[in-house]
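Data first, discussion second: the structure below is written as structure tokens.
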Amino acid sequence: MLKFLKRNKKEGVDDIVGGVESPPPPVGFFKKLTQGLTRTRQGLVSKIGAVILGKKIIDEELLAEIEEVLLSADIGVLVTKGIIADLSGQLKRKQLNDGKALWAALQAHLQALLLPVTQPLHIDAMDEPYVILMVGINGAGKTTTIGKLAKHLQTDNKKVMLAAGDTFRAAAVEQLQVWGERNQIAVIANAKGDSPSVIYDAMQAAVARKMDVLIADTAGRLHTQRNLMEELKKVKRVMTKLSPNAPHEVLLVLDASIGQNALTQAIQFKERVGVTGLVITKLDGTAKGGIIFAIAKTLQLPIRFIGMGEGIDDLKPFNGVDFVDALFSEGDTHDKF
Ligand SMILES: Nc1nc2c(ncn2[C@@H]2O[C@H](COP(=O)(O)OP(=O)(O)OP(=O)(O)O)[C@@H](O)[C@H]2O)c(=O)[nH]1
Ligand SMILES: [Mg+2]
């Protein structure tokens, strides 16, 4: 007989949950977020915690030490300067009397930073399909995100169709078809067509079949590949022929694990093709998750979703408060101050 142990935080004891042979309970997304952010926490929050822990007095010297840790993480110079200026101001106003207050101020600053970009994707009921165009560099996680997003939208009772707009590799179409099968939804593909024509056909099919949402995959590309960037513009032009408001959302998929490079990519894509929302993938297992703060501050674009794994349920609407809570949560470091 298997018994599952669950830590009862309040009482500090181990409760025995269940008692019958059954699988462990599903891991909640907040817990998953907390676990996934472990390496980012180690490289950022835990290091700051260690700096604060040893200090009796909160002063400019301590802020300089914190600045050093922040600069060594992926949150970038801009965000670091903002944090230190804010903390320094609070210090002068005598609002930071102890480590606990400093810790809370840091957390509040990071949450405030993510507030303007916490704007979930909202799909109103419309007469025409809501068209989402996925863009990004090779391997960022576009196709995988489409699979997860389709599941998310279907759970929200939306009728979803996919367009296999990555016409560069046969394997790309097959990969999307696998996600189509997992979601039991149609994937419009054409081995002979180019990306704009496949997506045009898919839009016609989505209108005919009264779909709520069409998600179009595209091939990965670098901003330096002029022809490929032009192709994206053509895809957008072709879309407007069928629906003047399409694409309703251009989702740029960014791989958090490439750190500062993700920010550079995002700036370029925003300038060249017009991006309306972001998906930050691979936040699980990377130490570079702090890049999300640099992305938020620099781009000021809504972060619609975050990817925390390769499975169909590993996509979550982004919420900055939860994100920072999860980043600061494990070990409840502030309790030690
Ligand atoms: N750990 C983790 N892996 C992910 C996540 N999202 C995608 N991946 C993995 O990243 C790899 C690339 O994902 P794809 O979806 O094929 O990326 P893509 O942007 O479509 O790539 P191209 O079509 O080549 O441009 C795959 O092995 C995915 O399983 C995530 O959130 N976490
Ligand atoms: Mg792909």
Side-chain angles (χ1 to χ4, degrees), residues 27 29-40 132-152 162-183 187-191 194-195 198-199 202 214-225 227-229 231-232 235 250-259 261-262 265-266 268-269 273 275 277-292 295 303-319 322-323 326-327:
V27 180
F29 201 85
F30 187 76
K31 195 169 176 196
K32 191 158 188 162
L33 188 61
T34 306
Q35 284 169 356
L37 292 176
T38 299
R39 292 194 56 210
T40 298
I132 302 173
L133 179 65
M134 307 294 285
V135 301
I137 68 163
N138 296 83
K142 294 177 293 299
T143 310
T144 309
T145 299
I146 291 174
K148 301 179 205 173
L149 184 53
K151 164 86 190 280
H152 173 81
L162 307 181
D166 180 349
T167 51
F168 280 82
R169 297 180 293 121
V173 177
E174 284 159 26
Q175 189 190 355
L176 194 69
Q177 278 163 340
V178 169
W179 282 111
E181 279 161 28
R182 282 182 193 145
N183 281 291
V187 177
I188 306 299
N190 178 358
D194 64 1
S195 189
V198 171
I199 291 173
L214 175 73
I215 315 175
D217 197 9
T218 61
R221 67 202 69 212
L222 292 169
H223 66 271
T224 47
Q225 294 171 307
N227 290 347
L228 290 178
M229 294 310 265
E231 185 197 61
L232 277 185
V235 165
V250 179
L251 270 186
L252 172 64
V253 180
L254 295 171
D255 174 352
S257 71
I258 65 169
N261 286 335
Q265 291 300 329
Q268 297 295 340
F269 270 84
V273 287
V275 174
L278 304 174
V279 180
I280 317 282
T281 61
K282 307 188 201 179
L283 277 162
D284 53 305
T286 178
K288 296 179 183 286
I291 192 64
I292 204 164
I295 289 171
I303 299 176
R304 305 293 196 191
F305 297 94
I306 49 173
M308 296 296 299
E310 297 177 278
I312 198 163
D313 293 313
D314 292 337
L315 186 78
K316 199 70 184 164
F318 177 69
N319 179 307
D322 285 354
F323 187 87
L327 197 56

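Whatever order the structure lists them in is the order used to number ligands and atoms, beginning at 1. Sequence positions, counted from 1, serve as the residue numbers for this chain.
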key: Residue, atom name and distance, where the atom is the protein heavy atom closest to atom 16 (O) of ligand 1   = Gln175 NE2, 3.0 Å
query = Which of these, Ile312, Thr144, Leu251, Asn183, sits in a side-chain contact (heavy atoms from CB on, under 4.5 Å) with Leu149?
reply = Leu251
request  = Determine, step by step, whether Lys148 and Asp314 satisfy the salt bridge (charged side-chain N to carboxylate O under 4.0 Å, His left out) criterion, reporting the C-alpha distance in whole Å, the side-chain angles of both residues, the deciding distance to 0.1 Å, and the verdict.
outcome  = CA-CA 7 Å; Lys148 301 179 205 173; Asp314 292 337; 5.8 Å; no
message = Tell me which one of Asp166, Leu162, Thr145 satisfies side-chain contact (heavy atoms from CB on, under 4.5 Å) with Met134.
response = Thr145
request  = Tell me the protein N, O or S atoms under 2.8 Å from the Mg ion (ligand 2), in chain and number order.
outcome  = Thr143 OG1
query = Any N/O of Thr281 closer than 3.5 Å to an N/O of ligand 1?
reply = no
inquiry  = For Asp217, is there an ion pair with Lys142 - N to carboxylate O distance below 4.0 angstrom?
reply    = no
inquiry  = Does Phe323 form a side chain to side chain contact (heavy atoms under 4.5 Å, CB included) with Ile303? I'd like the steps, not just the answer.
reply    = CA-CA 12 Å; Phe323 187 87; Ile303 299 176; over 6 Å; no
message = Only heavy atoms of Met308, strictly under 4.0 Å: list the atoms of ligand 1 that pass.
response = 31 (O)
ask   = Are any of the side-chain heavy atoms of Phe269 and Ile137 separated by less than 4.5 Å?
value = yes
ask   = So do Phe318 and Ile280 actually touch side chain to side chain, heavy atoms under 4.5 Å?
value = no
Electrostatic pair Asp284:Lys32 at N-O distance under 4.0 angstrom = no
key: Atom indices of ligand 1, in the order listed, that fall short of 4.0 Å to a heavy atom of Asp166   = 23 (O)
ask   = Passes side chain to side chain contact (heavy atoms under 4.5 Å, CB included), His152 versus Phe305? Steps please.
value = CA-CA 11 Å; His152 173 81; Phe305 297 94; 3.7 Å; yes
remark   = In this structure, atom 11 (C) of ligand 1 is nearest to the protein heavy atom Lys282 NZ, 4.0 Å
query = Is there a heavy atom of Asp314 sitting under 4.0 angstrom from any atom of ligand 1?
reply = no
task = For atom 12 (C) of ligand 1, grab the closest protein heavy atom and report residue, atom and distance to one decimal in Å.
result = Gly139 O, 3.6 Å
request  = Examine ligand 1 and decide if any of its atoms is less than 4.0 Å from a heavy atom belonging to Asp284.
outcome  = yes
request  = Give the minimum heavy-atom separation between Thr167 and Ser195, together with the two atoms involved.
outcome  = OG1-N, 3.5 Å
ask   = ligand 1 and Gly141, any nitrogen or oxygen pair closer than 3.5 angstrom?
value = yes
task = Work out which heavy atom in Gln265 is nearest to a heavy atom in Leu222; give both atom names and the distance.
result = NE2-CD2, 3.9 Å
ask   = Going by the order shown, which atoms of ligand 1 are within less than 4.0 Å of some heavy atom of Gly220?
value = 25 (O)
ask   = What atoms of ligand 1 come within less than 4.0 Å of a heavy atom belonging to Ala140?
value = 17 (O), 19 (O)
query = What atoms in ligand 1 come closer than 4.0 Å to a heavy atom of Lys148?
reply = 6 (N), 30 (C), 31 (O)
key: Atom pair CG/CG of Leu254 and Leu252 - distance to nearest 0.5 Å   = 4.0 Å
Heteroatom distance test (Glu310, ligand 1): nitrogen or oxygen, under 3.5 angstrom = yes
key: For atom 24 (O) of ligand 1, the protein heavy atom that lies nearest, with its residue and separation   = Arg169 NH2, 3.4 Å
ask   = In ligand 1, which numbered atoms sit nearer than 4.0 Å to a non-hydrogen atom of Gly307?
value = 31 (O)
ask   = Tell me, which protein residue and heavy-atom name are nearest atom 20 (O) of ligand 1, and how many Å apart are they?
value = Thr143 OG1, 2.8 Å
Contact atoms of ligand 1, heavy-atom distance to Asn138 under 4.0 Å = 25 (O)
key: N or O contact, Lys142 vs ligand 1, cut-off under 3.5 Å   = yes
query = What is the closest protein heavy atom to atom 30 (C) of ligand 1, and at what distance does it sit?
reply = Gly309 O, 3.2 Å
ask   = If every non-hydrogen atom of Thr40 is compared with every non-hydrogen atom of Lys288, which pair is closest and at what distance?
value = OG1-N, 3.9 Å
remark   = Here the pair of heavy atoms bringing Val173 nearest to Ala189 is CG1-CB, 3.7 Å
key: Polar proximity ligand 1 side, Thr145 side, N/O cut 3.5 Å exclusive   = no
Ala163 versus Ile199, closest heavy-atom pair with distance = CB-CG1, 4.4 Å
ask   = Taking C-beta and beyond as the side chain, do Glu231 and Arg221 meet within less than 4.5 Å on heavy atoms?
value = yes
request  = Please report which non-hydrogen protein atom sits nearest to atom 15 (O) of ligand 1, along with the residue it belongs to and the distance in Å to one decimal place.
outcome  = Thr144 OG1, 2.5 Å
